[in-house]
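Beneath this line is the structure, given in C-alpha cells, with notes to follow.
Because only heavy atoms are used, hydrogens play no part in the values below, and waters and symmetry mates are left out as well, while side chains stay in. Since the structure is predicted, the reported quantities are computational estimates derived from the model, not experimental observations.
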Amino acid sequence: MQETRVEYFRGKDFTTFLKNHPEVREILGPDKDLEVEDIVNTLLSKNLVIRCDRVWKTVRPGKKKLSSWPAHLEIHHEQVFTENDGFFAWMFLKRRTLWQTILSFVWPLFALAVCLFPVYPYQCKIVVLYSCAGALLFIVSILLLRAAIFGILWVLLGKRVWFFPNINAEETTFRELVRFWPEKDEGERPKWTSRLFYATVAVLVILLLRHHAPDEAARARYQKKVSNIIDDVLEWSPKLALSGMMEKHTGPNATETSNHTSGTGSSHVPPTNEGKTTKADPDMDSQTNSDEIQDGDEYGDDMRTRFSEV
C-alpha cells in the first residue's frame with residue numbers, strides 16, 4: 001500500500017477477543033451467532049480489513065523465532081481468514097488524536113527554531129551545543145563499548161554476546177531496546193583459527209592507527225581551528241552582521257573622498273626646488289618691490305576711474 005503506516009491485528013488475537021467479550025457480538029444484530037471466520041471474511045469482502053503477511057519470513061541472526069509483531073508487512077495474495085500467523089490491517093482512517101494534532105503544529109515550529117539557531121542568545125547556543133554534543137557522544141560511546149565487549153568475548157571465549165540495547169536494528173521492539181542482559185547464544189561456536197585471524201587483524205589495525213596518529217602540534221592546530229569555527233558560530237549576531245555590512249559599503253566611499261580631498265589640496269601647492277640655493281640680490285629685491293608698489297598704484301587709479309564712470 002505504498003509504504004502506508006497501518007494498524008493491524010493477528011487472527012488468533014481476534015478469536016480470543018470475541019471469546020472473552022461475547023457482548024461485542026450484539027452489534028451484529030441477527031448475525032451475532034456467526035463464526036469468527038465468517039465475521040472476518042465479511043470484513044474482508046467489504047474492504048474494511050485486508051490480510052497481510054510479514055516481509056521478513058526468516059529468523060534474524062541471534063533470534064530463536066520470528067517477531068510476534070513485525071514492523072514491515074505486505075499484502076497477502078489470499079484474502080481469507082486464518083489464525084496461523086495471519087495479520088489483518090484496518091482499512092479505515094482512525095480519528096486524529098489530540099496528540100497528533102499538537103505534533104502537527106509543533107514540528108513546523110521545531111524546524112523554524114532549528115533554522116533560527118544563529119540568532120539565538122549566546123547562553124541558548126551553549127545549551128543547545130552541549131546537549132547535542134552530549135547525546136552524540138553518548139550514542140557513539142555505547143556503540144564502541146558494545147563492539148569492544150563483543151570482540152573481546154568472541155575472541156577469548158568464542159561466544160556472541162551483545163550487551164546494551166541494539167539501537168541499529170530496524171525491527172527491534174521496545175522490550176529488546178531496554179534490555180541490558182543479552183539472551184543466551186545458541187549459535188555454532190566459531191573456530192579458533194578464525195578467532196585468531198580476526199584478533200591479529202584487529203591488533204594490526206590498532207598499531208597502524210597508533211603509528212599514523214597526529215602529533216601534539218597537529219592536534220593543537222586542529223583543535224584551534226575547530227574552536228575558532230565554533231566560536232564564530234556562537235558569537236555571530238545580527239548586530240555584528242549589520243555592522244560588518246555597513247563598514248563594507250561605507251569603506252570604499254570614505255577612501256575615495258579622502259583621496260579626492262588630498263589630491264585637490266596638493267594641486268595648489270607650488271613646486272619647490274629642494275637642494276638649490278641662490279644668493280639674494282639687494283638691488284633686484286628693491287627694484288622688484290618698487291615695481292610692485294607702482295603697479296599697485298596704477299591698479300588703484302584704474303579702479304577709481306571705472307567706479308566713477310559707473
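- Looking at heavy atoms from C-beta onward, Trp99 lies out of side-chain contact with Ser104 at the 4.5 angstrom threshold.
- Smallest separation of non-hydrogen atoms from Glu74 and Lys57: OE2-NZ, 3.0 Å.
- Between atom CZ of residue Arg10 and atom CD of residue Glu83 there is a gap of 11.5 Å, rounded to the nearest 0.5 Å.
- Distance CZ/Arg210 to CG/Leu207: 8.5 Å, rounded to 0.5 Å.
- Phe117 pairs by the ring pair (Phe, Tyr, Trp, His ring centres under 6.0 Å) definition with Tyr120, not counting sequence neighbours.
- For the side-chain contact (heavy atoms from CB on, under 4.5 Å) test, residues two or more places apart in sequence or in another chain that qualify with Lys191 are Thr193, Ser194.
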Check residues 124-145 and write down every donor-acceptor pair under 3.5 Å in which the side-chain atom is one partner and the other belongs to a residue at least two apart or another chain.
| unit_1 | atom_1 | unit_2 | atom_2 | d |
| --- | --- | --- | --- | --- |
| Lys125 | NZ | Pro118 | O | 2.8 |
| Lys125 | NZ | Val233 | O | 3.1 |
| Lys125 | NZ | Leu234 | O | 3.3 |
| Lys125 | NZ | Trp236 | O | 2.9 |
| Ser131 | OG | Val127 | O | 2.7 |
| Ser141 | OG | Leu137 | O | 2.6 |

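- Looking at residues two or more places apart in sequence or on another chain, you find no ring pair (Phe, Tyr, Trp, His ring centres under 6.0 Å) involving His212.
- Judged as a side-chain contact (heavy atoms from CB on, under 4.5 Å), and not counting sequence neighbours, the contacts of Glu35 are Asp38.
- Going from atom CD1 of Ile50 over to atom NE2 of His76 covers 11.5 Å, rounded to the nearest 0.5 Å.
- Residues Asp33 and Arg25 share a closest heavy-atom pair of C-NH1, 4.2 Å.
- Taking CZ of Arg195 as the reference point, atom CG of Leu157 lies at 7.5 Å (rounded to 0.5 Å).
- Between Val119 and Leu116, some side-chain heavy-atom pair lies under the 4.5 Å cut-off.
- Counting only heavy atoms from C-beta outward, the side chains of Glu78 and Arg51 approach each other to under 4.5 Å.
- Between Phe110 and Val114 there is a side-chain heavy-atom pair separated by less than 4.5 Å.
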Does Trp69 form a ring pair (Phe, Tyr, Trp, His ring centres under 6.0 Å) with Phe87? I'd like the steps, not just the answer.
CA-CA 9 Å; Trp69 297 94; Phe87 303 96; 7.2 Å; no

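- Minimum heavy-atom separation, Leu103 to Pro108: O-CD, 4.4 Å.
- When hydrophobic clusters are built by joining Ile, Leu, Val, Met, Phe, Trp and Tyr residues whose side-chain heavy atoms come closer than 4.5 Å, directly or via intermediates, Trp154 is not grouped with Ile206.
- Rounded to the nearest 0.5 Å, atoms CD (Glu23) and CG (Leu18) are 10.0 Å apart.
- Distance CZ/Phe17 to CZ/Phe9: 10.5 Å, rounded to 0.5 Å.
- Note: Phe81 and Phe88 meet the aromatic proximity criterion, with ring centroids under 6.0 Å apart.
- Thr15 places none of its side-chain heavy atoms less than 4.5 Å from the side chain of Lys12.
- At a threshold of 4.5 Å between non-hydrogen side-chain atoms, the residues Leu73 and Asp53 do not count as touching.
- Side-chain atoms of Asp31 do not come within 3.5 Å of backbone N or O of Leu34 as any donor-acceptor pair.
- Clustering ILVMFWY residues whenever any of their side-chain heavy atoms sit less than 4.5 angstrom apart, transitively, puts Leu209 in the very cluster that holds Tyr198.
- The side-chain contact (heavy atoms from CB on, under 4.5 Å) search around Arg219 returns Glu216, Gln223, not counting sequence neighbours.
- Within the 4.5 Å cutoff, side-chain heavy atoms of Leu28 are placed close to those of Ile39.
- Leu208 is not listed as a side-chain neighbour of Leu204, based on a closest heavy-atom distance of 4.5 Å or more.
- Each of Leu196 and Val201 belongs to its own hydrophobic cluster when Ile, Leu, Val, Met, Phe, Trp and Tyr are linked at side-chain heavy-atom distances under 4.5 angstrom.
- Cluster membership for Val80 and Leu43, using ILVMFWY side-chain heavy atoms within less than 4.5 angstrom, is not shared.
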